[in-house]
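So the structure is just underneath, and the comments pick up after that.
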Amino acid sequence: MIKDNKIYLYNNNFVSFLYLCILLIKNKIIPRNIKEIDYAPGLFDETCLLDLIEDYKIIDYLIKNIGNNNFNVVFKVFLSNKEDKEILIYKFILYSLKYKEKTIYMKNIKEILECIKISKYVVSENHKFKGFTRFKKYDNEIYYAEINPTNNILYLLSLHFKKRLNTDYWIIKDVNRKIYSIFDKKNFYIINEENFKIKNFKLSEEESNFENLWKEFYKTIGITERKNDRCRMNFMPKKYWKYILEMSDEV
Amino acid sequence: MNIKEKLKILANSAKYDASCSSSGSKRDRGGVGNTNISGICHSFASDGRCISLLKILLTNACIFDCKYCPNRKSNNIKRAIFTKEEICELTMNFYKRNYIEGLFLSSGIIKNPDYTTNLLIEAITDLRRKYKFNGYIHVKAIPGTSEILLKKLGALVDRMSANIELPTQNGLKLLAPNKDENKVTKIMSYVKKNHSKAYVPAGQSTQMIIGATKETDLDILNKSDKMYKVYNLKRVFYSAYVPVNKDNLLPTLASPPLKRENRLYQVDWLLRFYKFKINDLVDEKNPNLNLLIDPKITWALRNLEKFPKEINTCSFDELLQIPGVGVKGAKKIYSSRKYFKITFKDLKNMNIVLKRAKYFILCNGKYYTSEAMFKKEIIEKCLMLEDLKEKRQNIKQLCLFND
């Protein structure tokens with residue numbers, strides 16, 4: 001492998017990123033960095049944009065070469081908000097090609113350890129939002145929720161709600177990334193703000209009634225003699241409170 | 001009475017039940033919703049406990065007069081009863097807004113056990129059939145219910161359980177004169193016998209009140225051990241006694257025995273997942289757990305000749321015995337050490353907390369500090385000091401929050 005001082009760019013999506021990784025591997029290049037296409041380079045940075053083909057087949061190709069477990073780590077780290085995650089993933093892929101299914105046990109290698117930690121963080125944040133997401137019912141029979149996760153979990157979370165709330169229309173908005181997931185009772189579609197606007201939505205009549213009932217239940221169910229703010233904060237960090245109905249009044 | 005007031009009364013009466021797990025069941029086809037095999041916590045109450053189920057009573061009216069219970073007959077409190085429509089509407093609307101994972105339904109006993117159980121069956125049948133609810137349901141079985149009704153009820157729910165309440169018959173006789181342990185165990189036997197994918201798929205659990213009677217931790221643990229073995233329980237929950245009633249037969253406590261409850265849970269885990277035996281931790285001579293030091297450390301200090309353990313060579317079971325190393329940690333160490341020799345730095349990187357573990361291990365023959373430190377008195381002191389240090393920090397942090 002040859003070290004290269006360039007910064008390689010990809011088209012802001014997973015498939016394009018993977019294609020770039022494979023090209024770099026084939027050309028035996030370890031680049032200085034890999035960045036999204038709108039990256040603003042520094043004065044002495046040399047950037048490079050290769051001709052990238054965006055084809056989902058690249059995913060199967062990669063899985064065939066590094067195995068399912070390693071691919072899972074790659075995908076989850078890509079969804080994280082970790083800075084410089086791309087070059088980290090690239091190094092992880094290189095190790096995966098070398099160690100195959102043993103990779104995830106090689107925790108004495110810095111990049112592998114870091115990738116596994118980040119991937120776990122993404123998975124656990126997604127699991128938290130399976131619980132913390134709160135829908136409001138609108139008078140057009142659409143359930144709408146806003147979430148503020150640290151990582152880009154909207155796709156993973158939508159997989160969960162596709163199975164769970166399969167009999168209703170729903171929309172989830174990631175307010176940090178300004179993207180929406182829209183479910184039509186069959187599939188969900190992830191769309192960004194430029195292509196989608198919510199207009200004239202009105203809450204359903206019963207909405208405030210059930211919200212009040214839930215808040216009442218929440219207040220009642222805690223045992224005063226056992227009050228424990230620290231414990232609650234550990235499980236339900238304050239950064240999420242704004243969009244958790246029963247906590248939103250306290251922010 | 002409006003529904004808000006009812007909800008307040010009937011959630012308030014149900015909140016002392018510790019069970020809120022929503023795991024162990026796999027419902028994924030047909031109807032509204034599904035269940036998640038590992039369970040999902042939707043919120044956390046002001047006491048830090050997870051909220052995953054809409055935990056309510058059908059009614060808080062009761063013909064029994066158990067001394068410790070807020071709903072006992074002799075208490076002069078407001079009584080309420082939900083209609084089945086109210087239960088279904090609350091559950092469905094909360095579920096679709098993703099407030100909850102499902103329903104936890106218990107009840108005071110009105111008229112007789114069968115009459116009450118019939119009401120539970122009617123409500124849950126509607127929820128499953130009419131409203132097509134396919135999420136998690138945990139129902140409390142009423143002791144004394146006939147088998148025909150238990151059969152019907154269990155086929156509708158994910159978990160059905162009955163609370164043993166107190167660890168000995170004597171305790172029960174004293175505080176819950178209307179309750180009979182045999183009636184509770186009869187339900188457990190029935191559920192165990194009929195348990196299948198279609199009948200109580202998530203299994204059963206039970207609950208014991210801690211500190212309302214004089215039983216020792218040894219009594220309590222022996223009782224749970226028996227329950228786990230005889231009835232295949234998924235969980236025994238411990239609930240620190242909260243004094244809600246005044247009665248000559250009840251102890252007066254300044255605060256609920258939370259530390260004791262915590263220690264019992266720690267032992268419960270050691271017994272179920274760490275291959276410990278009850279007699280390793282408590283015996284006739286020391287029938288109660290040490291409240292100052294956690295049970296694994298207590299055991300390790302008493303058996304110091306078995307330590308320090310070499311992280312790179314000791315068996316998996318031995319890894320489990322190291323204070324500060326959990327089941328996940330042991331698995332991480334075990335699967336990684338095949339590929340490289342683990343150092344203290346690697347352990348830290350693998351998120352193994354060394355605070356306690358460092359006194360009990362060797363990495364490639366090396367002790368964390370000087371080996372001269374490997375003495376019971378010294379380790380004990382160090383651990384106590386660290387605990388103190390941590391508490392002081394806690395106090396400081398709490399003050400900061402209050403400002």
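This is a predicted model, so every value here is computed, not measured. Letters A, B, ... mirror the listed sequences (proteins, then strands); counts begin at 1. Just so it is clear, the values below take in all heavy atoms, side chains as well, and ignore hydrogens, waters and symmetry mates.
Closest non-hydrogen pair, B/S43 versus A/E246, comes out as OG-OE2, 2.6 Å. The minimum heavy-atom distance linking B/K96 with A/T167 is given by the pair NZ-OG1, 4.4 Å. The shortest non-hydrogen separation linking B/H42 to A/G131 is ND1-O, 3.3 Å. Scanning all heavy atoms of the two residues, the minimum distance from B/D47 to A/I221 falls at OD2-O, 4.2 Å. The nearest pair of heavy atoms linking A/C231 to B/G48 is SG-O, 3.7 Å.
Counting heavy-atom pairs closer than 4.5 Å to chain B, the top residue among A/E225, A/M106, A/R134 is A/R134. Here B/L7 is the residue among B/I3, B/L7, B/I56 with the most heavy-atom pairs under 4.5 Å with chain A. Of the listed residues B/G33, B/P243, B/A45, the one with more heavy-atom pairs under 4.5 angstrom with chain A than any other is B/A45. The choice from B/V242, B/V32, B/N349 that makes the most heavy-atom pairs within less than 4.5 Å of chain A is B/N349. Taking chain A as the reference chain and counting heavy-atom pairs below 4.5 Å, the highest number among B/N93, B/N12, B/T343 is found for B/N93.
For A/F235, the CZ atom sits in a loose shell: 12 or fewer heavy atoms of surrounding residues, nucleotides or ligands are nearer than 6.0 Å. Within 6.0 Å of NZ in A/K64 there are 12 or fewer heavy atoms belonging to other residues, nucleotides or ligands. Applying the 6.0 Å contact sphere to CD of A/E250 captures more than 12 heavy atoms from other residues, nucleotides or ligands. For CZ of A/R32, the number of neighbouring non-hydrogen atoms (other residues, nucleotides, ligands) closer than 6.0 Å is greater than 12. When the shell of 6.0 Å around NZ of A/K215 is examined, it contains more than 12 heavy atoms from other residues, nucleotides or ligands. Within a 6.0 Å sphere centred on CZ of A/F75, other residues, nucleotides and ligands contribute more than 12 heavy atoms. Within a 6.0 Å sphere centred on OH of B/Y334, other residues, nucleotides and ligands contribute 12 heavy atoms or fewer. By the neighbour-count criterion of 12 heavy atoms within 6.0 Å, atom NZ of A/K239 is densely surrounded, having more than that number from other residues, nucleotides or ligands.
Note: B/Y339 and A/Y105 have parallel aromatic rings, judged against thresholds of 30 and 60 degrees for the angle between ring planes. Below 30°, between 30° and 60°, or above 60°: for B/F44 and A/F132 the angle between ring planes is above 60°, a perpendicular geometry.
If you measure heavy-atom distances from A/Y99 to chain B, you find no contacts under 4.5 Å at all. Interface remark: B/T35 contributes backbone atoms only to the contact with chain A (heavy atom separation under 4.5 Å). Both the backbone and the side chain of A/F210 come within contact range of chain B, each with at least one heavy atom under 4.5 Å from a heavy atom of that chain. Using a 4.5 Å cut-off between heavy atoms, A/L113 touches chain B through its side chain atoms alone. Heavy-atom distances place both the backbone and the side chain of B/S46 under 4.5 Å from chain A. For chain A, no part of B/I342 is nearby; none of its heavy atoms comes within less than 4.5 Å. Only the side chain of B/D346 has a heavy atom closer than 4.5 Å to any heavy atom of chain A. Neither the backbone nor the side chain of B/L10 comes within less than 4.5 Å of any heavy atom in chain A. At a 4.5 Å heavy-atom cutoff, the contact between B/E261 and chain A is made by side-chain atoms alone. Residue A/E114: no heavy atom, backbone or side chain, is found under 4.5 Å from chain B. With a 4.5 angstrom heavy-atom cutoff, A/T133 touches chain B via backbone and side-chain atoms both. Interface remark: A/N166 contributes side-chain atoms only to the contact with chain B (heavy atom separation under 4.5 Å). Using a 4.5 Å cut-off between heavy atoms, B/N134 does not touch chain A at all. Contacts between A/L245 and chain B at a heavy-atom distance below 4.5 Å involve the side chain alone, from C-beta outward. Both the backbone and the side chain of B/I40 come within contact range of chain A, each with at least one heavy atom under 4.5 Å from a heavy atom of that chain. Within the 4.5 angstrom heavy-atom criterion, only side-chain atoms of B/F94, from C-beta onward, approach chain A.
A salt bridge does not link B/R97 with A/E211: every distance from a Lys NZ or Arg NE/NH1/NH2 to an Asp or Glu carboxylate oxygen is 4.0 Å or more. By the 4.0 Å N-to-carboxylate-O rule, A/K130 lies too far from B/E101 to be salt-bridged with it. The pair B/K6-A/E216 does not count as a salt bridge, with every side-chain nitrogen at least 4.0 angstrom from each carboxylate oxygen.
Screening A/K117, A/K107, A/K120 for a side-chain contact (heavy atoms from CB on, under 4.5 Å) involving B/N351 leaves a single residue, A/K117.
In this structure, the side chains of A/R164 and B/Y95 come closer than 4.5 Å at one or more pairs of heavy atoms. Inter-residue side-chain proximity for B/F340 and A/I109 is flagged as unmet; no heavy-atom pair is nearer than 4.5 Å. Using a 4.5 Å heavy-atom threshold, the side chains of B/I51 and A/F217 count as touching. The shortest side-chain heavy-atom distance between B/S38 and A/H127 falls under the 4.5 Å cut-off.
Remark: A/I116 CD1 to B/M350 CE distance equals 9.5 Å, nearest 0.5 Å. Note that the CG atom of A/N209 and the CD atom of B/E89 stand 10.5 Å from one another [nearest 0.5 Å]. Atom CZ in A/R226 sits 6.5 Å away from atom OG in B/S239 (nearest 0.5 Å).
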Exercise for the section: Could you walk me through whether A/I223 and B/R49 pass the side chain to side chain contact (heavy atoms under 4.5 Å, CB included) test, one step at a time? Expected result: CA-CA 9 Å; A/I223 298 175; B/R49 298 189 306 166; 3.4 Å; yes

Exercise for the section: Walk me through it: do A/W214 and B/I100 pass the test side chain to side chain contact (heavy atoms under 4.5 Å, CB included)? Expected result: CA-CA 10 Å; A/W214 173 246; B/I100 53 168; 3.7 Å; yes

